[in-house]
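Read the structure below first, then the notes.
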Amino acid sequence: MAQQGRGSAMAAMVLLCLVVLHFELAQAATYTVGGRDGWTFNSAAWLKGKKFKAGDKLVFKYSPSFHNVVKVSRAGYNSCLTPKGSKFFKSGKDQIKLVKGRNYFICSIPGHCQAGMKIAITAV
C-alpha cells in the first residue's frame, strides 16, 4: 500500500512540473526587432517601453545581402567588434532566444554597428 502512495505522489509531482513548464513556455513572447522596419540602423529606438524576459524570442528580419546579426559580449557591443566565440546569424530571418541578463547584438558589416545598428537588451 505504501508503494502505491509513493507512485501517486511521484505522478502528481511530474504533472506539476509539466504544468509549470507549460506555463513558462506560454509566457514567452516573440518580438520582431525594429518592428515593421526590421533590423536596421537605429533599431535601439524600438526598444523603448518594452520589457523582456528570459525565453522571449527575438526575430531579426533583414536582407542578408546587406546585413547580419552577431550575438556579442558587452566588450564587443561597446567596441563594435566581434570577439572570438561570437555567434553569427546570416539568414535574414533569424530567431534568437533571450537569456537572463544582458543580451548584446550588432551588425558586423563594416561601419554598420558604428552607425547605430546594435541593440542591448536586459531580460529578467
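Given the structure is predicted, the values throughout are model-derived calculations rather than measurements.
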Evaluate Ile121 against Leu58 for side chain to side chain contact (heavy atoms under 4.5 Å, CB included), listing each step before the verdict.
CA-CA 10 Å; Ile121 295 175; Leu58 298 182; 3.5 Å; yes
If the condition is side-chain hydrogen bond (donor to acceptor under 3.5 Å, both in side chains), which residues does Gln114 pass it with, not counting sequence neighbours?
none
For a quick test of reading the model, state the closest non-hydrogen atom pair linking Gly92 to Pro64 and the distance between them.
CA-CD, 4.0 Å
When rounded to the nearest 0.5 angstrom, what distance separates CD1 in Ile106 from NZ in Lys71?
12.0 Å
Quick note, disulfide (SG to SG under 2.5 Å) partners involving residues 39-73, not counting sequence neighbours, are none
Can you give me the closest heavy-atom contact between Ser43 and Val33, atom names plus distance?
CB-CG1, 4.4 Å
Check the pair Lys57, Gln95 against side chain to side chain contact (heavy atoms under 4.5 Å, CB included), reporting the backbone distance first and the verdict last.
CA-CA 6 Å; Lys57 188 184 309 179; Gln95 297 186 22; 3.1 Å; yes
Would you please name every residue forming a ring pair (Phe, Tyr, Trp, His ring centres under 6.0 Å) with Phe89, sequence neighbours left out?
none
Can you give each donor-acceptor pair under 3.5 Å made by side-chain atoms of residues 74-82, sequence neighbours left out, with the distance rounded to 0.1 Å?
| unit_1 | atom_1 | unit_2 | atom_2 | d |
| --- | --- | --- | --- | --- |
| Asn78 | ND2 | Arg74 | O | 3.4 |
| Ser79 | OG | Ala75 | O | 2.8 |
| Ser79 | OG | Leu81 | N | 3.4 |

Keeping Asn42 on the side-chain end and Thr40 on the backbone end, is there a donor-acceptor pair under 3.5 Å?
no
Sort and list the pairs that fulfil disulfide (SG to SG under 2.5 Å) and have at least one residue in residues 28-69, not counting sequence neighbours.
none
Applying side-chain hydrogen bond (donor to acceptor under 3.5 Å, both in side chains), can you list everything that pairs with Asn68, at least two apart in sequence or on another chain?
Ser108
For Ser91, what residues pass the side-chain hydrogen bond (donor to acceptor under 3.5 Å, both in side chains) criterion, not counting sequence neighbours?
Asp94
Check side-chain hydrogen bond (donor to acceptor under 3.5 Å, both in side chains) between Lys61 and all other residues, then give those that pass, not counting sequence neighbours.
none
Phe66 atom CZ, neighbour heavy-atom count above 12 within 6.0 Å:
no
Expected list for residues 47-55: side-chain donor-acceptor pairs under 3.5 angstrom, two or more places apart:
| unit_1 | atom_1 | unit_2 | atom_2 | d |
| --- | --- | --- | --- | --- |
| Lys50 | NZ | Trp46 | O | 2.7 |
| Lys53 | NZ | Gln27 | O | 3.1 |

Considering residues at least two apart in sequence or located in another chain, which fulfil the ring pair (Phe, Tyr, Trp, His ring centres under 6.0 Å) criterion with Phe41?
His67, His112
Using side chain to side chain contact (heavy atoms under 4.5 Å, CB included) as the criterion, list what pairs up with Pro83, not counting sequence neighbours.
Val72, Ser73, Ser86
Between Tyr104 and Ile96, is there shared hydrophobic-cluster membership here, with clusters defined by ILVMFWY side-chain heavy atoms closer than 4.5 Å?
no
Can you tell me how far OH of Tyr62 sits from CE of Met117, rounded to the nearest 0.5 angstrom?
8.5 Å
If two hydrophobic side chains count as joined below 4.5 Å and joins carry through other members, does Tyr31 share a cluster with Leu98?
yes
Phe60 meets the ring pair (Phe, Tyr, Trp, His ring centres under 6.0 Å) criterion, sequence neighbours left out, with Trp39, Phe105
Minimum heavy-atom separation for Asp56 and Ala29, please, with both atom names.
OD1-N, 2.8 Å
